Amino acid sequence: MPTVTFGNRSCELAQGETVLDGLLRHDIPAVHACKTGSCGSCMLRAVSGQVPEVSQIGLKDAWRARGYFLPCVCRPTEDIEIGETAGDIRVAARIASLVPLSGNVLQVRLVLDGPFEFRAGQYLTLIAGDTLARSYSIASIPSDGPLELHVRRMPNGQMSTWLFDDAHEGDAVRIQGPSGECFYVPGRPDQPLLLVGTGTGLAPLYGIVRDALACGHRGPIHLFHGALRPEGLYLVDELNALAAAHSNFTYTPTTDPIERAVAGSIPKLDGYRAFVCGDPAVVQLLKRKIFLAGAAMREIHADAFLPSAA
Ligand SMILES: Cc1cc2nc3c(=O)[nH]c(=O)nc-3n(C[C@H](O)[C@H](O)[C@H](O)COP(=O)(O)OP(=O)(O)OC[C@H]3O[C@@H](n4cnc5c(N)ncnc54)[C@H](O)[C@@H]3O)c2cc1C
């Protein structure tokens, strides 16, 4: 079986075992979250030995060339020596503020110690301590200054409990990314836009709508934000103010089933560009409904907030 050497520790992998699982089984600390090769948080660098191509899918060409790979989907067939990512992959950051937006949603603002280019609506990996990593959508637009995240409290959730109960302004974290294709691309400024999210699915949409308006989008922009209870709706004043300032923007907060709220207001979605974010089951349902209402599948951009496997 192949042996993985990481710093001064080595471990032999079991049959079919991934590098990440092998490291964790040997109590070798490794940052990780999704364990499916999508969030990228576990990325490491192959110093010697060949890693399978599948473990580099989705990585930038420049990263692949430097030997970066995703250990959560890497099952090597030969011995490899691996190392940490370089400083340009993970950006050091500090918590600038922690402000409740509702009973169970916290606004987390981060100031960064290095450059971080992103499009409003993408997501990043937030890393706290040595190994805790989770994906969060970016609610700010690049011109805002600090990066803004909206974090929902999960019962017994490792990252959200830390942020709600233990984190303080000034605490050091790291971020990695950005990732995701759910963002506004300028062009076709008269196309109607539909943005739909539940819970903290509002975070990327809050960035996308402000980005589209800043880019001069002229077509109608409809934002629907759903929550189970009225207290789950947040940024209501800010979004109402945005709607008052832009005649092409309408904002609909709702506690009704979100797909019904959308269908009741806009039954036909031919020609629309849609952005859908939040709970995975709701995102799946909305994508289907929006397609059936006439939007082309290539015009439906979605981020499902899948739970971490950690
Ligand atoms: C692309 C992407 C973007 C995301 N953006 C955001 C965001 O903007 N804001 C935000 O709050 N979260 C977002 N998430 C979810 C986030 O990454 C974490 O999964 C979430 O914050 C819970 O982390 P935790 O450490 O607090 O809980 P964990 O310690 O990971 O989980 C605690 C318990 O809760 C369960 N659990 C976790 N998530 C869910 C869920 N969604 N449904 C049901 N059970 C669950 C776990 O299985 C576990 O039993 C996003 C996820 C993805 C993949």
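For this chain, numbers begin at 1 and follow the sequence in order. When a ligand or atom number is given, it counts from 1 through the structure's own listing order. Keep in mind that what you see is a predicted model, and the values were worked out from it rather than measured.
Around atom 34 (O) of ligand 1, the closest heavy atom drawn from H150, Q122, M154, R153 belongs to M154. Nearest residue to atom 17 (O) of ligand 1 from S135, S308, C277 is S135 (criterion: closest heavy atom). Looking at L126, V105, I138, T200, it is T200 that brings a heavy atom closest to atom 10 (C) of ligand 1.
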Which pairs would a plain distance check flag for residues 44-52, meaning a side-chain donor or acceptor within less than 3.5 Å of a matching protein atom at least two apart in sequence or in another chain?
none

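Among residue pairs with one or both ends in residues 107-139, none qualify as ring-ring contact (aromatic ring centres under 6.0 Å, His included); sequence neighbours excluded.
Between the side chains of T36 and S38, at least one donor N or O lies within less than 3.5 Å of an accepting N or O.
With ring centers used as reference points, F249 lies 6.0 Å or more from H222.
In the hydrophobic cluster analysis, where Ile, Leu, Val, Met, Phe, Trp and Tyr join through side-chain heavy atoms closer than 4.5 angstrom, V196 is grouped apart from L223.
Near Y123, the atoms of ligand 1 lying under 4.0 angstrom from a non-hydrogen atom of the residue are 1 (C). In summary, the atoms of ligand 1 found under 4.0 Å from a heavy atom of V151, numbered by their order in the structure, are 11 (O).
On a distance-only criterion, Q158 and ligand 1 share at least one N/O pair closer than 3.5 Å.
Residue P280 places no heavy atom under 4.0 Å from ligand 1.
Heavy atoms of S38 found under 4.0 angstrom from ligand 1: none, in either backbone or side chain.
Only one option out of R119, H217, R273 pairs with Y184 in a side-chain hydrogen bond (donor to acceptor under 3.5 Å, both in side chains); it is H217.
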